[in-house]
Amino acid sequence: MEVVNSTFVPDPSLSTAEMEDLQREIAATAVFEDDHDFDPDAVTLDGPAEQATLGELGAAGDGEDAPADRPLVAGVDQAFVGDRAVSAVVVLRGREVVERVYAVEPAEIPYVPGLLSFREGSAILSAFAELDSDPDVVFVDGSGRIHYREAGLATHVGVTLDVPTVGVAKNLLCGTPRESLDRKLPTGARVPIEADAEVETAAAGTLIGHAVQTRQYESSKQHVNPLIVSPGHRVSAETAADLVSATAGGYKLPEPTRLADKYADDVKAEI
DNA sequence: GCGACAG
DNA sequence: ATCTTGTCGC
């Protein structure tokens, strides 16, 4: 995959004010509603490839369903080695790993809440440049619309590559949950997250994402925290949550993200 | 000055 | 994100 909107490529040498201005432009360009070709309901973990192998791009009936038209869902995640970022991308069709690539780029600036894409963006775009597949949607680790200027990492990547993206974060950056997230939520539950004064580009009360419970302990005092899911680009808040729920394979993280996370760690170990 | 903040 | 053993609870 290649960059479509080169003016949005994150430049780490920009000043903070310039980075924020770029984010406002990105937010103005982003589409926070469904505007894609694939059918969200067709995204599941069903089908062949129980043992998730590589290189079998749905050759002549390699199982039962073999619907080679199932949507391709990619997950991208980063790991760090000193001041270098390893970005890994894993593409799935159902449970089958269709392709995976990675790239290593220097992390030019430190982590600053709100400016994450300027630290990890280069590595992510380099990894996608190595990707032959054309994923229907990409899960990005971090926020999308749930961001001070509605331009989190998922939105930045989505608009730059002009690909549908979903932000999958483990923690809430900003915004207000419609109900407390402190209590134990059952698997499948979702809590709307609205824009508040911290989100300067949206009216307070605007739906910007959801807390999604992909996994929970049944009988125990222990509880798993929900994921924070938001639209990146060309996906609505509801669809974003649906896609994450549909690809939860028994773990907290949806499979595309979990496998990308694992792959990034494996690559890191070989460095 | 204090709070609050993805990865 | 990363540094890190054992340990308690699914």
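Chain A is the first sequence line, chain B the second, and so forth, proteins listed ahead of strands; every chain is numbered from 1. Worth saying up front: this structure is predicted, and the values here are computed from it rather than measured. Side chains are part of it too, since the values below use all heavy atoms of this structure and drop only hydrogens, waters and symmetry mates.
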**Prompt:** Hey, mind stepping through A/H147 and A/L153 against side-chain contact (heavy atoms from CB on, under 4.5 Å) and telling me if it holds?
**Reply:** CA-CA 9 Å; A/H147 179 271; A/L153 183 62; over 6 Å; no
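- In DNA chain B, no stem is built from 3 or more consecutive Watson-Crick or G-U wobble pairs with both distances under 3.5 Å.
- Distance A/K170 NZ to C/dT2 C1': 13 Å, rounded to the nearest Å.
- Closest to the A/L173 side chain, of the nucleotides B/dG7, B/dA6, C/dT2, is B/dA6.
- Not one N or O on the side chain of A/T239 forms a donor-acceptor pair closer than 3.5 Å with the backbone of A/S236.
- In summary, of the residues considered (A/D37, A/D162, A/D136, A/D34), a salt bridge (Lys or Arg N to Asp or Glu O under 4.0 Å) with A/R234 occurs for A/D162 alone.
- A/D141 has its CG atom 10 Å from the P atom of C/dT2, to the nearest Å.
- The interatomic distance linking A/D265 (CG) with C/dA1 (P) rounds to 9 Å, in whole Å.
- Separating the CD1 atom of A/I271 from the C1' atom of C/dT2 is a distance of 15 Å, rounded to the nearest angstrom.
- Within 4.0 Å (heavy atoms only), A/G114 reaches at least one base atom of the nucleic acid.
- A/T187 places a side-chain N or O within 3.5 Å of a backbone atom of A/Q216 that can act as its donor or acceptor partner.
- Here the P atom of nucleotide B/dG7 and the CG atom of A/L115 are 15 Å apart, to the nearest Å.
- Counting to the nearest Å, the C1' atom of C/dA1 and the CG atom of A/D83 are 13 Å from each other.
- Remark: C1' of B/dG7 and CZ of A/R119 are 8 Å apart, rounded to the nearest angstrom.
- Of the side-chain N and O atoms in A/N171, none sit less than 4.0 angstrom from OP1 or OP2 of B/dC5.
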Whether each nucleotide of nucleotides 3-10 of chain C has a protein heavy atom under 4.0 Å at its base (B), only at its sugar-phosphate (S) or at neither (-) is summarised, 5' to 3', as S-----SS
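- Panel note: side chain A/T165, backbone A/A154; a donor-acceptor pair is recorded below 3.5 Å.
- Put simply, CG on A/D261 is 14 Å from C1' on B/dA6, counting in whole angstrom units.
- In this structure, A/E99 contributes its side chain and A/D132 its backbone to a donor-acceptor pair below 3.5 Å.
- Residue contacts shown for A/A154 are absent, as no nucleic acid heavy atom lies under 4.0 Å away.
- A donor-acceptor pair under 3.5 Å is absent between the side-chain atoms of A/E96 and the main chain of A/R93, judged by distance alone.
- Among the protein residues, A/I228 comes within range of no part of the nucleic acid, since none of its heavy atoms lies under 4.0 Å from any strand.
- Among the protein residues, A/I124 comes within range of no part of the nucleic acid, since none of its heavy atoms lies under 4.0 Å from any strand.
- Heavy-atom minimum distance, A/H233 versus A/T29: CE1-O, 4.0 Å.
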A/K268 vs A/D265, test: salt bridge (Lys or Arg N to Asp or Glu O under 4.0 Å). Steps then yes/no. CA-CA 5 Å; A/K268 172 182 176 176; A/D265 279 339; 5.6 Å; no
